[in-house]
Amino acid sequence: MTYIESMHLMSTLGFGAALVSDDDYIIELNDAAERMLHGDGKLKGRSWSEAAPWFADTDNDAGYFNVSFYEYLAPCPAPEGVELPANSRLVCFRDAKNEVSHHMLETIVNLIREPIVLCDEKRRILLVNNALMQMESLVPENVVGKDINEAYACIDGNELTVPMVIESKNSFIDWRQTYTTYRGKRLDIVCNSHPILKNGKILGVFCMTADSSRVEALSKQIIDLQEALLERQGKAKTTSARKGPLSAKYTFDDIVHQSEVMDKLISHCMMSAKSDSPIMLYGETGTGKELLAQSIHNESNRKEGPFLAINCAAIPENLLESTLFGTEKGAYTGAESRPGLFEQADGGTLLLDELNSMSLALQAKLLRVLQDGMVRRVGAIIEKQVDVRVLSNTNVSPYQAIEENKLRHDVFYRLGVVNIKIPPLRERKEDILILTRFFFVNMNRKLSKNVSSVDDAVLSIFYAYTWPGNVRELQHCIEHAMNILPNDATVITKEYLPEHIMDEVNEPSSGQIETSGGGLVQLLSSVERAVLADAIVKNKGNISKAARQLEIGRQNLQHRLRRNNIDVQALLHEAGLEG
């Protein structure tokens, strides 16, 4: 093969090739070399050392050459058997940008202290960092390329987050998991798993975890800090009515709304706040349960006392018990005398966030405090009287939690004296406009933007979207748009909205399917929608009764309602049953 044919073939394959004379002058270059070296047709006849000085760097052990910003080349062997002119050599190289970028990112990931795993869309492990390997006592070669379910197995029949993220395309935040590695090592972690999306397609899943031992150490530090702050707060209270550092931040005035349903809800909460009765709040993720809990505290007679909150889903069970009730020195190896949250919240309010994530065994131990206010530290003999108002919240109806064996009846009767359901955003769409304005006004200060409104098309999309993440998702949507909005733009338009929102709104809903014509799938979908709507109307919007009529679980029914874009309140309104 002649050198001309060889250089052309290499260019076709993406390799650069330069024919260089022994006295260091460029005789010929292929198209790929011209492009990689930014020659613009002016390199022939020039000195090779001047045109490509990087190749003269004999001290470069990495084998990569930084040609320009974010452009890297790497030398490669010239093909054998090529006929070259006398007194010349063939220099070959290739684009190495992807390799360098991958190496940089891999180095960064390995320097991060939190354990990290990256999977592709088929659940195969692509990358694990050093922190994960240290936590799990594994080496990358033993797990990379394996299906996540081959490398790890969840305990108690639960599912790993990676398959759930791939199926739902949603993030799972502060997800508690207990699992074993394929070598049998048992681990208890808190995990944040996020989908990696491109044009609505899932490319993979990124997971960052925290070993429960680190969580335990941090929790102990927080408890010590809270104790010190409470002591300081108690000393300062005699001279000042100013709130201490462990007080609730929000009040009812901070709840942005204009819907009648929220007016009614806030009115009920304000009335309930005046007593010491336990209140259970329930609503979907992102509806503002803790915002309401803090507002209730600040409206109560305990507003000068501490407000403490604990996420029952984010802390391992053994640590959660000692965090709530405290420990006595010698209770277990390394245990010290520490007050629990019930002692620290004495005279104030304690919020049990995601109560339905607390184990049934620990709920039984909670009953003692709820019944008579007596707390016994782990490992202690004596009990201590505390005066604490307990608020709690769940992300599902407490009746559903009881049905699913995630909430004890007796605990519910103690904590659910007052039940407050927070409606999802899709059931109070009249709040969308005022919330949108509130968020972009606040984001203007945070992001140094000057947004004054949103486009009408954006509002139409907002009203059509189902908002599974509720108010929090709307806030994040506005923040996403304003981050990528040009600095001189004053109006948020639809091209700056997150892709998953646009994808859902642009999909045809089940309500648009006609029963006449179309295939079997369309017909069945239309029939399902009609049956669901009929059951909801006949049971006057009672989801539990409708589920029993249809002989399916409540959660199953709610899933089918969302899948078919059925607005329960709209159905009741059309049937004249609203209110």
Exercise for review: Kindly compute the distance separating CD (Glu284) from OG (Ser397), expressed to the nearest 0.5 Å.
Suggested key: 11.5 Å
Review point. Between Tyr70 and Ser101, do the side chains contain an N or O donor and an N or O acceptor separated by less than 3.5 Å?
Key: yes
Please table the atom pairs, donor to acceptor, closer than 3.5 Å between any side-chain atom in residues 414-424 and protein atoms at least two apart or in another chain.
residue: Asn419; atom: ND2; partner: Gly416; partner atom: O; Å: 2.9

Review point. Should Leu350 and Arg389 count as side-chain neighbours, where that means a heavy-atom distance under 4.5 Å?
Key: no
Exercise for review: Among residues two or more places apart or on two chains, list those pairs meeting ring-ring contact (aromatic ring centres under 6.0 Å, His included) that have a residue in residues 133-155.
Suggested key: Tyr152-Tyr179
Exercise for review: Pick out which of Thr349, Leu352, Asp353, Leu355 makes a side-chain contact (heavy atoms from CB on, under 4.5 Å) with Leu391.
Suggested key: Thr349
Check your understanding: Considering all heavy atoms of both residues, which atom of Leu281 and which atom of Ala293 are nearest to each other, and what is their separation?
Key -> CD1-N, 3.9 Å
Point to revise | Side chains of Thr466 and Glu504, donor plus acceptor under 3.5 Å | key: yes
**Study point:** Donor-acceptor contact present, side-chain Asn311 to main-chain Ala313, <3.5 Å
**Key:** yes
Review point. Quick one: do the Asp431 and Ser259 side chains pair a donor with an acceptor below 3.5 Å?
Key: yes
Review point. Would you call Asp410 and Arg408 a salt bridge, taking side-chain N to carboxylate O under 4.0 Å as the test?
Key: yes
**Study point:** Pair His500-Glu473, side-chain donor/acceptor within less than 3.5 Å
**Key:** yes
